[in-house]
Undergrad: 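First the structure, then my questions, so here it is.
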Amino acid sequence: MIILNKQKEYIEKIKKIIEKNNLNFTYYIETFGCSLNENDSEKFEGIFELSGMRKQNTPDGASLIVFNTCAIRENAEKRLLGRLGAVKKEAINGAIILIGGCMMQQEENIKLVKEKFPFVDLIFGTHTSFRLPENLYNIISGIYEEETKKEKETEANKNNKKRKTYVDILDIDGEIYEGMPVKRGEGSSAYVTIMYGCNNFCTYCIVPYVRGRERSRKPEYILNEIRDLVKEGYTKITLLGQNVNSYKGEGDILDFADLIDEICKIDGLKELSFISPHPKDFTDKIISSIAKNDKVSRNLHYPLQSGSTRILKKMNRKYTKEQYISRAKKIFEKVPNVSLSTDIIVGFPGETEEDFEETLDVVKKIDFDQIFMFIYSPRAGTIAYNMKDEYIPREVQNKRFERLKQLYNKRLDEINEKYVGRIEKVIVEGESKNNENMLEARNKNNKILIFEKYPNWKKGDEVKIKITKNHRWYLKGEKI
Ligand code: SAH
Ligand code: SF4
Ligand code: F3S
């Protein structure tokens, strides 16, 4: 583990350049992908803010434009290429353009960006993001400080580019870096990454290749970060990792269950969530830790991926349909009023009609309050990518996706009925997005509740609501 003092010196140096040249330096950042990427972007923003830059919400006229990329599915990559094309005007006008994140850990993407978008100033990856202050300093000092400027310009002319494209990528991972500044979002929720990387190599998934091997942060750093956040008023904490329940600690906090227990002791913390756990590591100890700590959110993510044991094996998920179902039942039994969300991939290579029916069967048997559905997207470098003979035609994938969606809608209506009649204490989040005469809140199962705007009720108030009606995507309630 490394503490980033040297990088903090670069932040100071950038700040001096901005002040010396009296620059109105603004940044714009766009994040693709999962909450781990969002948390990384919060760290980038922390660096920019400490350097004396100001955030803006559009790329127009920004001094610095950053894309934090995702490689999980093809559409994430396509979107990035479109967005890069769209900021060419800003680049020509002198904006510094940086691209980081998972997609840049793949060599072919670096090549693509360098060829198609030579105006990019820096390409960095997930293992080198801690060096962002240093890399940014090199670029900014190259532009604003005379002696280095000449040198860089010659190089840029030689390559016939606006400026040189720096590339800072490491294939190896290992070290965890502590001490990055973080700029949190508004509101009372904050992300805390507890582990990096993934060792599971699910055969469809690119993450282990772009995020490296599993590394857990030391418990004391996690606990201190959460204590500080709670003091600052962040009362809802979400722990992040690609497989949070395989967390490995030290001392008295050895595993994920111990970590939950310890975090829940923090005074002032109201709600603890985590994404994503892996069903194979959902131990009895973790289930009982969730059950006994009522600060833990009653909405758990429990990713299925497929209901067919044969496909699960091909996916390298390390559980069977029956094991998945019996563990889900145990969760429902031990944690009263819990709700589950899940991820499902349809059209994985070799998925037969019977396999798909097995997936539908699990959706019929288990009450999922939320299903994130994906059509299998081949990722070069993964094992499933090479199962080309067994790829499922697009029309078949689309049809299965539609059938799953239909079933999900029907199930949701059934599942929502069990909420009708319940009395819930919730915090008003604000006006409903679709109806300004109504207020909105989420209950502990992450369900959206909509209710009338009583004159003295306002954002942040804790109110008691009786749920009266299911509207599929939300529940209607009234004051009691
Ligand atoms: N670590 C998390 C998942 C991260 S990716 C977990 O194990 O649950 C989020 C979701 O994207 C996955 O759960 C999976 O459903 C989906 N996904 C990942 N790779 C995919 C691919 N190649 N095609 C389609 N969906 C994919
Ligand atoms: Fe990907 Fe599987 Fe790791 Fe999740 S557990 S990140 S799906 S390899
Ligand atoms: Fe995408 Fe990387 Fe997350 S590939 S889903 S941003 S870990």
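In each ligand, atom 1 is the first atom listed, and ligand 1 is the first ligand listed.
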Undergrad: Looking only at protein heavy atoms, which one is nearest to atom 4 (S) of ligand 3, and what is the separation?
TA: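 Scanning the protein heavy atoms, the shortest distance from atom 4 (S) of ligand 3 goes to A71 N, 3.2 Å.
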Undergrad: If we set the cut-off at 4.0 Å for heavy atoms, which region of H301 has an atom near ligand 1: side chain, backbone, both, or neither?
TA: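 It is neither part, as no heavy atom is under 4.0 Å.
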Undergrad: Is the shortest distance from a Lys or Arg side-chain nitrogen in K318 or D281 to a carboxylate oxygen in the other one below 4.0 Å?
TA: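 Answer for the salt bridge query: no.
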Undergrad: Counting only heavy atoms, which portion of S377 has something under 4.0 Å from ligand 1: side chain, backbone, both, or neither?
TA: both
Undergrad: What part of E74, side chain, backbone, both or neither, has a heavy atom within less than 4.0 angstrom of ligand 1?
TA: neither
Undergrad: To which protein heavy atom is atom 2 (C) of ligand 1 closest, and what is the distance rounded to 0.1 Å?
TA: Q242 OE1, 3.5 Å
Undergrad: Contact between ligand 2 and Q305 is defined here as a heavy atom of the residue under 4.0 Å from a ligand atom; is it met?
TA: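 The answer is no: ligand 2 sits nowhere under 4.0 Å from a heavy atom of Q305.
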Undergrad: How does R73 reach ligand 1, by side chain, by backbone, by both or by neither, if only non-hydrogen atoms under 4.0 Å count?
TA: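 Answer for R73: side chain.
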Undergrad: How far is atom 19 (N) of ligand 1 from its nearest protein heavy atom, and which residue and atom is that?
TA: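 Going by distance alone, atom 19 (N) of ligand 1 is nearest to Y204 CD1, 3.3 Å.
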Undergrad: When you look for heavy atoms under 4.0 Å from ligand 1, do you find them on the side chain of I375, its backbone, both, or neither?
TA: backbone
Undergrad: Going by the order shown, which atoms of ligand 1 are within less than 4.0 Å of some heavy atom of R379?
TA: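 Those atoms are 22 (N).
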Undergrad: Does ligand 1 have an atom under 4.0 Å from some heavy atom of M373?
TA: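 In this structure, M373 fails to qualify as a contact of ligand 1 - no heavy atom is under 4.0 Å.
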Undergrad: Write out the residue and atom name of the closest protein heavy atom to atom 1 (Fe) of ligand 3, then the distance separating them to 0.1 Å.
TA: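 Nearest neighbour among protein heavy atoms for atom 1 (Fe) of ligand 3, to 0.1 Å: C70 SG, 2.4 Å.
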Undergrad: In terms of residue, atom name and distance, what is the protein heavy atom nearest to atom 1 (Fe) of ligand 2?
TA: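 So the nearest neighbour among protein heavy atoms is C205 SG, 2.3 Å.
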Undergrad: How far is atom 8 (O) of ligand 1 from its nearest protein heavy atom, and which residue and atom name does that atom have?
TA: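 Nearest protein contact, heavy atoms only, for atom 8 (O) of ligand 1 is P303 CG, 3.3 Å.
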Undergrad: Please write down residue, atom name and distance for the protein heavy atom closest to atom 3 (Fe) of ligand 2.
TA: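 Checked against all protein heavy atoms, atom 3 (Fe) of ligand 2 sits closest to C198 SG, 2.2 Å.
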Undergrad: In terms of residue, atom name and distance, what is the protein heavy atom nearest to atom 5 (S) of ligand 1?
TA: I72 CD1, 3.5 Å
Undergrad: Hey, do the aromatic rings of F256 and Y247 have their centres closer than 6.0 Å?
TA: no
Undergrad: Which residue holds the protein heavy atom closest to atom 2 (Fe) of ligand 3, what is that atom called, and what is the gap in Å?
TA: C102 SG, 2.2 Å
Undergrad: Which residue and atom name correspond to the protein heavy atom nearest atom 5 (S) of ligand 2, and how close is it?
TA: N200 ND2, 3.4 Å
Undergrad: When you measure from the heavy atoms of Q305 to every atom of ligand 1, does any distance fall below 4.0 Å?
TA: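 True for this residue.
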Undergrad: Do me a favour and list the nearest non-hydrogen protein atom to atom 4 (Fe) of ligand 2 with residue, atom name and distance?
TA: Q242 O, 4.1 Å
Undergrad: Quick test: of every protein heavy atom, which one is nearest to atom 7 (S) of ligand 2, and how far off is it to 0.1 Å?
TA: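 For this ligand atom, the closest protein heavy atom is Y204 OH, 3.4 Å.
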Undergrad: Would you please determine whether Q242 falls within less than 4.0 Å of ligand 3 on a heavy-atom basis?
TA: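 Right, Q242 reaches ligand 3.
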Undergrad: With a cut-off of 4.0 Å, which atoms of ligand 1 are near a heavy atom of Y376?
TA: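 Listed by number with element: 23 (N), 24 (C).
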Undergrad: Which residue holds the protein heavy atom closest to atom 8 (S) of ligand 2, what is that atom called, and what is the gap in Å?
TA: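 Result: C202 N, 3.3 Å.
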Undergrad: Give the residue, atom name and distance (to 0.1 Å) of the protein heavy atom nearest atom 9 (C) of ligand 1.
TA: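 Checked against all protein heavy atoms, atom 9 (C) of ligand 1 sits closest to D343 OD2, 3.8 Å.
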Undergrad: Hey, which atoms in ligand 2 end up nearer than 4.0 Å to a heavy atom of R317?
TA: 2 (Fe), 7 (S)
Undergrad: Who's the nearest protein heavy-atom neighbour of atom 3 (Fe) of ligand 3, and how far?
TA: C34 SG, 2.3 Å
